[in-house]
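Proteins come first, then strands; the chains are lettered A, B, ... in the order of their sequence lines, and each starts at number 1. For clarity, every value in this text was computed on a predicted model and none was experimentally measured.
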2 protein chains.
Amino acid sequence: MKLSTRSRYGARILVDLARNKDQGPVQIGEISKRQDISVKYLEQLIRPLKKANLVTSVRGPKGGHILAEKPEKISLGQIVRLFEGQSDLVECVSFPEKCPMSDDCQVRLAWRDATEVLYEKLDSTTISDLMNGNKPEDD
Amino acid sequence: MKLSTRSRYGARILVDLARNKDQGPVQIGEISKRQDISVKYLEQLIRPLKKANLVTSVRGPKGGHILAEKPEKISLGQIVRLFEGQSDLVECVSFPEKCPMSDDCQVRLAWRDATEVLYEKLDSTTISDLMNGNKPEDD
DNA sequence: GCTAATCCATACTAATCTTATATAGATTTA
DNA sequence: TAAATCTATATAAGATTAGTATGGATTAGC
């Protein structure tokens with residue numbers, strides 16, 4: 001039960017943008033150096049962030065990426081839901097039809113409740129909570 | 001971010017044993033039929049459950065498997081920790097040395113807190129909570 | 001117009017993990 | 001003696017992950 005690096009990197013990218021938002025659009029190359037993530041992989045990760053309206057971009061020279069929302073408005077929950085193919089702990093939580101017993105399955109309800117508790121926590125943690133501190137560029 | 005089937009099956013096995021604890025030792029063949037898990041796979045899954053002292057076994061004819069603890073004493077948290085190779089959401093939570101920035105990384109602390117909240121919930125959910133209901137043998 | 005930059009799509013791959021199944025027995029006890 | 005657990009290891013198919021590679025199209029500052 002492990003978060004994908006995409007979620008972890010996604011969080012780091014947004015924290016990086018939040019930290020550097022005073023200096024105008026932030027270029028992928030800069031993020032790449034600071035976060036040690038390849039430019040090409042960053043391109044892949046930023047795309048969904050843009051689709052989700054968490055990031056906007058400026059094209060052309062001096063262009064780059066900017067947070068589209070205030071850091072207080074972006075939560076880890078949003079990021080994780082965006083990047084995890086399956087955001088529930090078990091499939092039958094969101095797709096009860098995958099299991100013939102789902103109707104009155106106590107175990108399913110337990111996985112569902114645990115998933116909910118987890119996301120309550122993630123949803124209440126924002127980029128703003130994470131951007132302070134002594135340059136924790138990692139994880 | 002998905003639980004392995006081993007955790008899910010582990011929970012189902014223990015619930016099955018709890019439900020059938022009045023009829024003496026429960027044989028792997030019976031569990032296999034009820035839970036639709038192969039005998040050989042069940043053997044693999046029961047071994048760690050025994051090592052963790054959640055199940056005891058009786059050998060020989062009429063033998064089988066019995067819960068070693070009361071259902072109220074076995075939690076989903078124990079099961080998940082037992083079966084998930086990595087029980088934290090991200091590696092650096094338990095192994096900060098994996099990341100050079102772990103010392104004062106805010107993001108790491110957030111993943112740690114989310115992991116903790118999740119396990120608080122799993123630890124407070126017991127097999128006893130799951131064994132009632134209309135035969136939910138699945139998930 | 002040149003160039004720095006984002007944007008887009010897709011393909012490939014290496015490695016790892018998952019989910020079993022298979023094989024071949026040793027041991028225990030009704 | 002036979003039903004059952006126990007042990008250990010090997011194999012394999014499939015999925016997923018984490019990236020890299022390829023090859024460009026587009027935008028806009030200078």
Side-chain angles (χ1 to χ4, degrees), chain A residues 1-13 17 23-33 35-68 80 82-87 89-91 98 139, chain B residues 1-10 12-13 17 23-33 35-53 55-68 80 82-87 89-91 98 139:
Chain A
M1 189 195 37
K2 200 180 66 165
L3 278 180
S4 69
T5 62
R6 314 174 88 243
S7 293
R8 300 192 293 107
Y9 285 179
R12 284 163 59 181
I13 290 166
L17 292 182
Q23 62 180 61
V26 178
Q27 289 143 24
I28 279 185
E30 298 177 48
I31 307 174
S32 172
K33 277 179 210 156
Q35 302 296 334
D36 194 30
I37 305 172
S38 81
V39 165
K40 276 302 184 186
Y41 203 26
L42 278 173
E43 277 187 2
Q44 278 182 38
L45 298 176
I46 284 178
R47 215 174 310 173
L49 291 172
K50 292 196 56 180
K51 265 194 189 156
N53 295 316
L54 301 177
V55 168
T56 49
S57 303
V58 179
R59 301 181 76 165
K62 306 268 179 186
H65 304 277
I66 312 171
L67 279 192
V80 170
L82 188 60
F83 284 112
E84 300 300 310
Q86 175 181 318
S87 52
L89 290 177
V90 310
E91 209 179 19
K98 294 273 181 176
D139 268 335
Chain B
M1 190 195 39
K2 202 179 67 169
L3 279 180
S4 69
T5 63
R6 313 175 87 243
S7 292
R8 300 193 292 109
Y9 286 179
R12 283 163 60 181
I13 291 166
L17 291 182
Q23 61 180 60
V26 178
Q27 288 143 24
I28 279 185
E30 299 176 46
I31 307 175
S32 172
K33 277 180 209 155
Q35 302 295 335
D36 193 30
I37 305 172
S38 82
V39 166
K40 276 300 182 187
Y41 202 25
L42 278 173
E43 277 187 359
Q44 278 182 40
L45 298 176
I46 285 177
R47 212 176 310 173
L49 291 171
K50 291 195 57 182
K51 263 192 189 157
N53 294 316
V55 168
T56 48
S57 304
V58 180
R59 301 181 76 165
K62 306 268 180 188
H65 304 276
I66 311 170
L67 280 192
V80 170
L82 187 61
F83 284 113
E84 300 299 311
Q86 175 180 321
S87 53
L89 290 178
V90 310
E91 210 179 19
K98 294 273 181 175
D139 268 335

Exercise for the section: Evaluate salt bridge (charged side-chain N to carboxylate O under 4.0 Å, His left out) for A:K40 paired with A:E43, printing each intermediate quantity in order. Expected result: CA-CA 5 Å; A:K40 276 302 184 186; A:E43 277 187 2; 3.3 Å; yes
Exercise for the section: Identify which nucleotide among D:dA28, C:dT19, C:dT21 has an atom closest to any side-chain atom of B:T5, counting heavy atoms from C-beta outward. Expected result: C:dT19
Exercise for the section: Would you classify A:I28 as touching base, sugar-phosphate or nothing, given that sugar-phosphate means primed atoms plus P, OP1 and OP2, and contacts are heavy atoms under 4.0 Å? Expected result: sugar-phosphate
Exercise for the section: Begin with the C-alpha distance, continue with both residues' side-chain angles, and end with the deciding distance and a verdict on side chain to side chain contact (heavy atoms under 4.5 Å, CB included) for A:V39 and A:I31. Expected result: CA-CA 8 Å; A:V39 165; A:I31 307 174; over 6 Å; no
Exercise for the section: Ignoring backbone atoms, test whether B:S38 places a side-chain nitrogen or oxygen under 4.0 Å from the OP1 or OP2 oxygen of C:dT21. Expected result: yes
Exercise for the section: Can you tell me the distance, in whole Å, between the CG atom of A:L49 and the P atom of C:dC7? Expected result: 12 Å
Exercise for the section: Using atom CZ of A:R47 as one end and atom C1' of C:dT10 as the other, report the distance to the nearest whole Å. Expected result: 9 Å
Exercise for the section: Figure out the CD/C1' separation between B:Q86 and D:dT16, and round it to whole Å. Expected result: 15 Å
Exercise for the section: Record whether the side chain of A:R59 comes under 3.5 Å of the base of D:dT27 through a donor-acceptor pair of N or O atoms. Expected result: no
Practice task
Mind checking the CG-CZ spacing from A:L89 to B:R8? Nearest 0.5 Å is all I need.
Solution key: 11.0 Å
Practice task
Write down the distance between CD (B:E43) and C1' (C:dA26), rounded to a whole number of angstrom.
Solution key: 13 Å
Exercise for the section: Report yes if at least one side-chain N or O of B:Y9 is closer than 4.0 Å to OP1 or OP2 of C:dA20; otherwise report no. Expected result: yes
Practice task
Taking only the side-chain heavy atoms of A:H65 (C-beta and beyond), determine which of C:dT6, D:dT5, C:dT29 contains the nearest atom.
Solution key: C:dT6
Handout entry: Chi angles and distances behind the side-chain hydrogen bond (donor to acceptor under 3.5 Å, both in side chains) call for A:E30, A:Q35
Key = CA-CA 8 Å; A:E30 298 177 48; A:Q35 302 296 334; over 6 Å; no
Fill in the blank from the handout: Separation of C:dA4 atom C1' from A:Q27 atom CD, nearest Å, is 8 Å
Completion exercise
Atom NZ of A:K50 and atom C1' of D:dT26 are separated, to the nearest Å, by 12 Å
Handout entry: Given DNA chain C, 5'-ward residue of the pair A:T56 and B:P61, judged by closest heavy atom
Key = A:T56
Practice task
Figure out the CG/P separation between A:L45 and C:dT6, and round it to whole Å.
Solution key: 14 Å
Exercise for the section: Ignoring the backbone of A:K40, work out which of D:dA28, C:dT19, C:dA9 is nearest its side chain. Expected result: C:dA9
Exercise for the section: Examine the base of C:dT21 for any acceptor or donor lying under 3.5 Å from a partner atom in the side chain of B:Q44, and report the outcome as yes or no. Expected result: yes
Problem - For atom CD1 of A:I46 and atom P of C:dT6, their distance in whole Å - result: 8 Å
Completion exercise
With the side chain defined as heavy atoms from C-beta on, A:S57 is closest, among C:dT6, C:dT21, D:dA21, to C:dT6
Practice task
Please name the pair of heavy atoms, one in A:F83 and one in A:L45, separated by the smallest distance, quoted to 0.1 Å.
Solution key: CZ-O, 3.5 Å
